[in-house]
Q: 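So that we are looking at the same thing, I have put the structure below in C-alpha cells.
Letters A, B, ... are given to chains in the order of the sequence lines, protein chains preceding strands, and every chain is numbered from 1.
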There are 2 protein chains.
Amino acid sequence: MQSRPRIPEATVARLAVYLRVLSGLADGGRGTVSSGELASAAGVNPAGLRKDLSHLGPCGTRGVGYEVATLRDRIAGVLGMETAHACVLVGLGNLGSALAGYGGFGSRGFEFVGLFDASPARVGQEVGGRVVRPMEELDEVVTATRATIGVIATPAEVAQGVCDRLTSAGVRSILNFAPVALTAPAGVDVRQVDLSVELQVLAFLDKQRGPATTVLAPAGGMA
Amino acid sequence: MQSRPRIPEATVARLAVYLRVLSGLADGGRGTVSSGELASAAGVNPAGLRKDLSHLGPCGTRGVGYEVATLRDRIAGVLGMETAHACVLVGLGNLGSALAGYGGFGSRGFEFVGLFDASPARVGQEVGGRVVRPMEELDEVVTATRATIGVIATPAEVAQGVCDRLTSAGVRSILNFAPVALTAPAGVDVRQVDLSVELQVLAFLDKQRGPATTVLAPAGGMA
DNA sequence: AACCGCTTGTGAACGCAGGAACAAAGTCCC
DNA sequence: GGGACTTTGTTCCTGCGTTCACAAGCGGTT
C-alpha cells in the first residue's frame, strides 16, 4: 500500500496550510477538531479537506474528529519537516532582506545557512542575524552545509546565472522571486513566485466584475 | 462584451507573464515573435500559449507570428492596465517595506497611494518615497483616492481586522501576505500569498523524489 | 446492552485545465 | 502567378482537481 504513493501537488500546498492552523490550535490547548472547523479556519471545503487527509491514511476518529497534536505531527512528517532544511538566499535587496528576516521560515524548519549578494556594498552587512557573504563563497557553503534549497531574490537579469551556479553547486530545489522563467537541468525543481502577477489578476477580476460597479451608481450610463 | 465572456483565471495569470516578456522584447526593438519563442521565454507550452491568446480574439498573423507592440497593448487592455490602479498597503515591517520599494509594481501600473501602519514608531517614516500614515487615515485616503486594491502585510493576528477596515472603506480586491485565511463579504476578492507554503512544497517534492538522490554517481557511464 | 447522533472516509460525477494533432491562412520564393 | 513552407487558431482527448452525496464506525446515553 505504501501510504504515500503520490500526493497531488495541490494537496501538498493545502497540507502546509492545515499544519499552520493545527499548530495554532495546539498552542491554544485544543485537543480535537472536526473537519468542518479545520476547513473553515483554512478557508477550504470540508469534503476537500477530508480527501486531502485521506492521502496519508486514516488519522481521525469517527464521531469525534482529529486529534490536533497527532494530526499535526503526521502532516509534519509527510512534508518532511522532521529534519530542518538548510536554505541559501541569493540577493539581499528589499525583498531578499525581508525574506531573510521573515520569522515564518525559521518556525517551520527552514533555516538560511547562507546569504549571498554580488554587491560589495552589501557583503559583510548583517541581515536577519546573518552576515552577507560574497558570491564566491556560494559553492563552498552549499557543499559544506549540504543545502538543498536555494532562494533567488535578485534582479531578473542575473537570475538565470544565479540559478546555474546554485544547481551546479548541488541545490535541487529553487524558489525564484525574480520575474523571469528559469531553465534548470532535469532533476531540479523550480517554483516561480511573481508578486506583480497576483496584483494583475486582482486588477483583471475587478475589471471583469464590473467596469463601473460603484456601489451607488443607480443611474445608467457611466462616464 | 462579446469577445470576453470569461477568461479562465489560470490564463489571466499567464497573460501577465506574457505581457512582461513582450515588454522586454519591445524594448529590445523586436518587431514580431512566434508562439514558440514567446512560450519558451515564458516557460509554457506553445500550444497552451496560443490557446490563451485565442481568448482575446485573433491577434496574430499566420505564417509570421505576433506583432510585439500590438499584442502587448492588447493584453494590457484586457488586464485593465490602461488606467493606473491605486493601491493601499497596510503593514510596513520587513515584507511591507520590500513591497513598497519594489519597482515591479510601479512599472506595471500599480501605484501605492497610501502606506499605513499601526505602530507609532513607523508612522512618519519614509518608505519607497512615501510617508507612512497612521491607521486612522486609512478610510479617508481610500475614499479620496478611490483605491480599489488593498495589500495586507501585517502580522497574522491583526490581518482580519485590517481586512474588515479595508472592505468597509470600499476596497474590492485584497492581496494578503499574512498567513491566515481571511473572510471577506461577497463582492470582495481575496488572494492569498503564503511564502512559507512554497518552501514546504519544495521540501516535500525533494523528499518524495529521493531520500538520497546523490547527483554524482561518476562510476558507470549512463547510456 | 442497544439505540441514536455525529463525524470520518470513500466512491462517483462534474467541470476545468493541459497537451497533442489537424486544418486554415498568409507569406516568401521561384 | 503558383506552389510550398511556416505559423496561427481550433478541436479533440486525456487526466486532474473539486464537489457532492452516501455508507461505515465510534461515542454517549438510557
Q: Can you measure from CG (L95(B)) to CG (L195(A)) and round to the nearest 0.5 angstrom?
A: 8.0 Å
Q: Suppose the criterion is salt bridge (charged side-chain N to carboxylate O under 4.0 Å, His left out): which pairs have a residue in residues 84-109 of chain B, not counting sequence neighbours?
A: none
Q: Which heavy atom in S35(B) sits nearest to a heavy atom in L49(B), and how many Å separate them?
A: CB-CD2, 3.9 Å
Q: Considering only residues two or more places apart or on different chains, which pairs with a residue in residues 14-41 of chain A satisfy salt bridge (charged side-chain N to carboxylate O under 4.0 Å, His left out)?
A: R14(A)-D52(A), R20(A)-D194(B), R30(A)-E37(A)
Q: Write out all pairs satisfying salt bridge (charged side-chain N to carboxylate O under 4.0 Å, His left out) with one or both partners inside residues 174-185 of chain B, taking only residues at least two apart or from two chains.
A: none
Q: With sequence neighbours left out, which residue pairs that include part of residues 160-169 of chain B fulfil the salt bridge (charged side-chain N to carboxylate O under 4.0 Å, His left out) condition?
A: none
Q: Starting at CG of L49(A) and ending at P of dT7(C), how long is that distance when rounded to a whole Å?
A: 14 Å
Q: Distances under 3.5 Å between protein N/O atoms and the N/O atoms of nucleotides 11-18 of chain C, please, pair by pair.
A:
| residue | atom | partner | partner atom | Å |
| --- | --- | --- | --- | --- |
| dA12(C) | N6 | K51(A) | NZ | 3.1 |
| dG18(C) | OP1 | R14(B) | NH1 | 3.1 |
| dG18(C) | OP2 | R14(B) | NH1 | 3.1 |
| dG18(C) | OP2 | R14(B) | NH2 | 2.8 |

Q: Could I get the full list of ring-ring contact (aromatic ring centres under 6.0 Å, His included) partners for F105(A), not counting sequence neighbours?
A: Y102(A), F112(A)
Q: Does anything in residues 58-67 of chain B come within less than 4.0 Å of DNA chain C? Heavy atoms only, and list the residues if so.
A: R62(B), V64(B)
Q: What are the 5'-most and 3'-most nucleotides of DNA chain D lying under 4.0 Å from any heavy atom of chain A?
A: dG17(D) to dG27(D)
Q: So does G36(A) get a backbone contact from the side chain of S40(A), meaning a donor-acceptor N/O pair under 3.5 Å?
A: no
Q: I need the minimum non-hydrogen distance between A42(A) and V17(A), along with the two atoms involved.
A: CB-CG1, 4.0 Å
Q: Looking only at heavy atoms, what is the nearest atom pair of V171(A) and A147(A), with distance?
A: CG2-O, 4.0 Å
Q: Once ring-ring contact (aromatic ring centres under 6.0 Å, His included) is applied, what residue pairs with a partner in residues 71-91 of chain A remain, sequence neighbours excluded?
A: H85(A)-F110(A)
Q: Counting only heavy atoms and a strict 4.0 angstrom limit, can you tell me which residues of residues 26-44 of chain B come near DNA chain C?
A: none
Q: Can you give me every donor-acceptor pair (side chain of residues 67-81 of chain B, partner residue at least two apart or in another chain, under 3.5 Å) with its distance?
A:
| residue | atom | partner | partner atom | Å |
| --- | --- | --- | --- | --- |
| E67(B) | OE1 | T70(B) | OG1 | 3.4 |
| R74(B) | NH1 | L56(B) | O | 2.3 |

Q: I need the CG-P distance between L53(A) and dT8(C), as an integer number of Å.
A: 9 Å
Q: Please table the atom pairs, donor to acceptor, closer than 3.5 Å between any side-chain atom in residues 173-184 of chain A and protein atoms at least two apart or in another chain.
A:
| residue | atom | partner | partner atom | Å |
| --- | --- | --- | --- | --- |
| N176(A) | OD1 | A178(A) | N | 3.0 |
| N176(A) | ND2 | A178(A) | O | 3.1 |
| N176(A) | ND2 | V180(A) | O | 3.1 |
| N176(A) | ND2 | Q192(A) | OE1 | 2.8 |

